[in-house]
Protein chains: 2
Amino acid sequence: MNTKRRGRPPLLSRESIVAAARQIADTEGMEALTVRRVAQALGGGQASLYRHISDRGELLLLLAQDVAIHLPVDERAGESRQRMVAYWSTAHDYLARHPWAARIIADGEYVLDEAAPFAASAMRGLEALGLERPEGARAYRAMWNMMLGYLLNAHPVGHTVGHGHASPPGEEELHGREVDRGADFAWALERLLHGMLR
Amino acid sequence: MNTKRRGRPPLLSRESIVAAARQIADTEGMEALTVRRVAQALGGGQASLYRHISDRGELLLLLAQDVAIHLPVDERAGESRQRMVAYWSTAHDYLARHPWAARIIADGEYVLDEAAPFAASAMRGLEALGLERPEGARAYRAMWNMMLGYLLNAHPVGHTVGHGHASPPGEEELHGREVDRGADFAWALERLLHGMLR
DNA sequence: ACCTGAACACCGTTCAAGT
DNA sequence: ACCTGAACACCGTTCAAGT
């Protein structure tokens, strides 16, 4: 029933749309990700997209799902704290390579079932590391939110401390322009994990 | 030289624009925060705003600065870990009351000098708690990013664990729809702080 | 000198008309 | 039956014309 006879594959499909959108977001940035731009990339009319998606919001959801599916899975993340940190670092680095992903996830109101394998691995790992039952989900959320924060602050965010104060204490750069984001995240995550497992 | 004689105060000013924008964002949400809407709220023409701000981006920056200025300051945040957690919780709760704030901060590429007093207090507190020199900024960043993550996940984000797996381990809700966000953040922050001070 | 209506170049989305 | 050009209702921004 899925096979329409004689139907040449249509120019547009959900898959081709997502692929094109992903490509545009990666190379031209999220602000270039317009319905018209996607249609143009596929050689179709701007109105044609609406045969396959209901609106732009759904396009963003599909993109988020596509990213979530590709999150890593490590069944042995619970073997050591170090391995748990590495697990999340992999996820962080993957998402950092697609800066639009965290933005969509944070802005959207999605429940990403596609991230379930990643989450399940993390949860089982945390359990193996000694995080008993009810705390597990809380710990997972803490790690997830912290990762999200680091990803969204990939913009230079942060603030510099003013130098108008008595002691010259806050002269350091509080924003992470120069530091290696990934290492910074791993450092913080290791501390968080340690604090949760105490 | 600042006083133009006979100049009745102009209808629009940077202050009135920011105030109106803040009001709109709070009551109608960020998507309603258009240049036209702000002008309308102030009873001016849509083009008139551009006499006071250079573009919409600057309006968002002014909004972010306005929020940053109102971040709490507690010179005694370093008296105890508990007080440090309370300090950040206050900041979190304040920002949570203006959901657009975290969004602007995350999206923008600002360096918010207005947050310097907040940051300086936190840094001095961390130092008092025993976080020696170079680690301080890193720790501050970790806390800030974690806070940002929790704020941006105020949307129902998160993901539910699928129930298709062997043991029924991940049945908990991994998204924080029901839980008290503030308490959740405080819990995580306390762990993070503990891990950093070990 | 200051303000702003109208216009411009974009959006997302719809729908009637094309094939 | 499927596709889509043209139109519609919005944006942010500019600029010439108004006072």
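This one's a predicted model, so the numbers in the text were calculated from it and none came from an experiment. Proteins come first, then strands; the chains are lettered A, B, ... in the order of their sequence lines, and each starts at number 1.
The aromatic rings of A/His92 and A/Phe185 sit parallel, their planes meeting at an angle under 30°, below the 60° perpendicular limit. Using cut-offs of 30° and 60° for the angle between ring planes, the A/Tyr94 and A/His70 rings count as tilted.
Following rounding to the nearest Å, A/His52 (NE2) and D/dT4 (C1') show an atom-to-atom distance of 13 Å. The nearest whole Å value for the distance from the CG atom in A/Leu12 to the C1' atom in D/dA1 is 16 Å. Atom P of nucleotide D/dT4 and atom CG of A/Leu42 are separated by 11 Å, given to the nearest angstrom.
Proximity of A/Ser48 to the phosphate of D/dC3: no side-chain N or O atom is located under 4.0 Å from OP1 or OP2.
In this entry C/dA17 has no Watson-Crick or G-U wobble partner, no candidate having both defining distances under 3.5 Å. When both pairing distances are held under 3.5 Å, D/dC3 makes no Watson-Crick or G-U pair with any nucleotide shown. Of all nucleotides present, only D/dC8 satisfies the Watson-Crick or G-U wobble test against C/dG12, with each distance under 3.5 Å.
Taking 4.0 Å as the cut-off between side-chain N and carboxylate O, A/Arg81 and A/Glu190 do not count as a salt-bridged pair.
Using a 4.5 Å heavy-atom cutoff, the side chains of A/Glu28 and A/Arg37 are in contact.
Nucleotides C/dC8 and D/dA7 are separated by 16 Å at their P atoms, to the nearest Å.
With sequence neighbours left out, A/Glu135 forms a side chain to side chain donor-acceptor pair (under 3.5 Å) with no residue at all.
Residues B/Ala186 and B/Ser89 share a closest heavy-atom pair of CB-OG, 3.6 Å.
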5' to 3', nucleotides 6-19 of chain C under a 4.0 Å protein heavy-atom cut-off (B base, S sugar-phosphate only, - none) gives BB---BBBBB----

